[in-house]
*Asks:* 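Right, I'll just put the structure down here and ask away after.
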Amino acid sequence: MSSPESAGLVARVLRESERTAIRARNGLRYLGGAEWAPERPTPSDVVWSQATAELRRYPSDDIRYREPVVLFIGLVSRSYILDLHREKSIVRALLDAGLDVYVLDWGTPGPGDAQNTLETYTERFLPRALRAALDASGAERASMVGYCMGGNLALMGLAAQELPVRSLVTMATPVDFTALPGLAGAIREREIDPDSLVDWTGNVPPQYLSAFFKARKPTADIPNLARLWEGLWDDEYVEAHQAMARWAREHVPFPGAAFRQVADQWLRRNAFMENSLWLGGRRLDLRRVTLPTLSILATRDDLVPPEAAGPIGEVIGAEEFELLELEAGHAGLSASRKAATTTMPRLREWLTTHNMPQEA
């Protein structure tokens with residue numbers, strides 16, 4: 001008669017054997033390029049577009065708040081980080097809270113977009129996308145959520161003009177650019193000439209940006225691959241891992257004209273901290289940004305360290321301001337299991353509190 005200990009050992013061996021077989025199967029599929037994860041898992045409709053930019057609305061039968069929430073990121077990454085995976089999606093979390101959700105995607109610039117400036121995005125595309133969201137929802141004001149560089153574009157847009165916005169959320173948004181490492185630091189210290197990064201299209205090619213992200217942690221692939229092997233038996237895990245890995249390697253060109261502005265104003269002159277930003281030939285005053293603002297930063301963010309994102313409340317004029325520090329990395333702030341129990345509840349609470357219920 002076998003003992004409970006030996007029976008348990010046999011069960012563990014059998015379970016691990018089954019997992020090893022599944023790992024082998026899934027490993028072959030993964031290496032063969034099989035797609036587990038859809039790029040946009042939540043259905044959406046394009047409600048506005050201009051040039052490369054488009055605004056997507058996420059339809060819902062359970063909208064309990066009138067005013068739309070418009071989310072966007074920066075100019076160098078793909079916007080599907082906001083709807084990365086069906087279990088790790090800011091979009092899905094906000095829809096489940098009864099909010100009317102929109103994502104503004106700046107698109108993939110080509111040679112014809114090389115002359116796009118920060119004015120193009122903050123004074124043309126952003127106001128028009130907001131108006132389209134208001135027209136679609138029938139509301140008079142919206143809330144904005146800017147992720148990383150998206151928060152910088154939001155701050156500039158709000159300081160430059162009157163926008164119909166009730167509240168603002170920034171996530172991992174830098175304002176003290178002296179705290180940014182890597183390529184940003186090299187440009188700031190004039191070790192790299194920004195013009196040397198612009199290719200024949202007039203844009204900064206995505207491979208330069210990918211190299212920058214990889215240079216931050218050159219050995220990151222090793223633990224990532226180890227975690228992938230450990231979880232390769234779990235189809236759900238592989239799907240989430242593939243979605244994040246795909247986003248991390250997919251960047252888009254940076255329009256050359258806007259890149260030169262960022263290099264000069266943001267990086268070399270630290271203009272957010274100095275309140276010396278210029279847009280459309282006039283100086284901006286960030287103290288004009290007085291609407292209620294929630295700023296969320298990640299304490300383990302090596303791309304936008306807390307020292308870079310922390311001072312937002314010091315440079316804007318918001319009387320109602322909250323800084324929320326969460327233990328996460330840059331992408332993990334929105335697309336990790338922990339985000340579901342940390343970022344999302346506070347984000348939902350802020351956005352629903354600063355909104356109008358449908359029956360009001």
Side-chain angles (χ1 to χ4, degrees), residues 41-45 47 55-73 79 81-104 126 129-148 150-151 154-155 157-158 163-173 289-298 312-313 316 318-326 328 332-360:
T42 308
S44 62
D45 302 311
V47 296
L55 181 71
R56 309 187 72 90
R57 185 184 195 183
Y58 292 79
S60 172
D61 295 328
D62 186 30
I63 296 176
R64 302 190 295 276
Y65 296 88
R66 287 186 189 178
E67 298 171 344
V69 177
V70 179
L71 304 97
F72 49 92
I73 63 169
S79 66
I81 187 64
L82 300 168
D83 186 35
L84 185 72
H85 178 260
R86 62 181 183 273
E87 300 297 331
K88 300 174 181 179
S89 169
I90 293 180
V91 165
R92 173 52 56 190
L94 299 185
L95 284 175
D96 289 346
L99 292 160
D100 190 7
V101 182
Y102 300 72
V103 168
L104 173 55
L126 179 56
L130 284 171
R131 176 49 56 193
L134 296 176
D135 288 345
S137 65
E140 296 182 356
R141 289 191 292 179
S143 291
M144 290 198 304
V145 179
Y147 194 107
C148 192
L155 291 173
L158 288 164
L163 292 176
V165 177
R166 175 188 289 272
S167 72
L168 171 68
V169 179
T170 65
M171 300 178 65
T173 294
V289 182
T290 58
L291 73 173
T293 301
L294 169 68
S295 180
I296 305 175
L297 63 80
I312 287 183
I316 64 174
E319 293 185 6
E320 183 184 350
F321 176 82
E322 180 178 343
L323 178 65
L324 180 61
E325 301 184 33
L326 299 176
L333 192 63
S334 64
S336 66
R337 291 180 179 177
K338 193 171 184 180
T341 59
T342 55
T343 312
M344 296 309 134
R346 186 64 193 100
L347 184 59
R348 288 194 300 264
E349 180 186 0
W350 176 273
L351 291 171
T352 54
T353 300
H354 297 84
N355 208 307
M356 297 288 291
Q358 283 285 12
E359 62 273 14

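Every value quoted in this text rests on a predicted model; they were computed, and no experiment measured them. Computed over heavy atoms, backbone and side chain alike; hydrogens, waters and symmetry mates excluded.
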*Asks:* Can you tell me how far apart CD1 (Ile316) and CG (Leu168) are? Round to the nearest 0.5 Å.
*Replies:* 7.0 Å
*Asks:* Start with the C-alpha gap between Met344 and Ile90, add the side-chain angles, then the distance that decides, and say whether side-chain contact (heavy atoms from CB on, under 4.5 Å) holds.
*Replies:* CA-CA 7 Å; Met344 296 309 134; Ile90 293 180; 3.4 Å; yes
*Asks:* Among Leu351, Leu82, Thr352, find the residue that satisfies the side chain to side chain contact (heavy atoms under 4.5 Å, CB included) test when tested with Leu94.
*Replies:* Leu351
*Asks:* Quick one: does Leu326's side chain get under 4.5 Å of Arg346's, heavy atoms only?
*Replies:* no
*Asks:* Looking at Val169, Thr342, Leu297, Ile296, which one forms a side chain to side chain contact (heavy atoms under 4.5 Å, CB included) with Leu324?
*Replies:* Ile296
*Asks:* Between CG of Leu99 and CD1 of Ile63, what distance do you get to the nearest 0.5 Å?
*Replies:* 9.0 Å
*Asks:* Just how far is it from atom CG of Leu155 to atom CE of Met144, taken to the nearest 0.5 Å?
*Replies:* 8.0 Å
*Asks:* Any non-hydrogen side-chain atom of Trp350 less than 4.5 Å from a side-chain atom of Ser143?
*Replies:* no
*Asks:* Compare all side-chain heavy atoms of Leu291 with those of Arg166 and state whether any distance is below 4.5 angstrom.
*Replies:* no
*Asks:* Return the CG to CD distance between Leu347 and Glu349, rounded to the nearest 0.5 Å.
*Replies:* 10.5 Å
*Asks:* Looking just at side-chain N and O atoms, do Thr42 and Asp83 make a donor-acceptor pair shorter than 3.5 Å?
*Replies:* yes
*Asks:* To check you understand the geometry: which heavy-atom pair defines the closest contact between Ser44 and Pro59, and what is its length?
*Replies:* CA-CD, 4.0 Å
*Asks:* Identify the two heavy atoms, one from Ala298 and one from Ala328, that lie closest to each other, and give their separation to 0.1 Å.
*Replies:* CB-O, 3.1 Å
*Asks:* Which heavy atom of Glu140 sits nearest to which heavy atom of Pro164, and what is that distance?
*Replies:* O-CB, 3.5 Å
*Asks:* So, Asp45 side chain and Arg57 main chain: donor-acceptor pair closer than 3.5 Å or not?
*Replies:* no
*Asks:* Begin from the C-alpha positions of Val69 and Val145 and carry the test side-chain contact (heavy atoms from CB on, under 4.5 Å) through to its verdict.
*Replies:* CA-CA 7 Å; Val69 177; Val145 179; 3.9 Å; yes
*Asks:* Return the CZ to CG distance between Arg131 and Leu55, rounded to the nearest 0.5 Å.
*Replies:* 12.5 Å
*Asks:* Run the side-chain contact (heavy atoms from CB on, under 4.5 Å) test on Leu294 and His354 for me, step by step, so that the C-alpha distance in whole Å, both residues' side-chain angles and the decisive distance to 0.1 Å come before the verdict.
*Replies:* CA-CA 11 Å; Leu294 169 68; His354 297 84; over 6 Å; no
*Asks:* Between the side chain of Thr173 and the main-chain N/O of Cys148, is any donor-acceptor distance below 3.5 Å?
*Replies:* yes
*Asks:* Rounded to the nearest 0.5 Å, how far does CG of Leu134 lie from OH of Tyr102?
*Replies:* 8.0 Å
*Asks:* Checking side chain to side chain contact (heavy atoms under 4.5 Å, CB included) against Val103, which of Val70, Ile73, Val91 comes through?
*Replies:* Val91
*Asks:* Tell me the closest heavy-atom pair linking Thr170 and Ser295, and the distance in Å.
*Replies:* OG1-OG, 3.1 Å
*Asks:* Does any non-hydrogen side-chain atom of Phe72 lie less than 4.5 Å from one of Ser79?
*Replies:* no
*Asks:* Quick one: are Leu126 and Leu163 in side-chain contact, heavy atoms under 4.5 Å?
*Replies:* yes
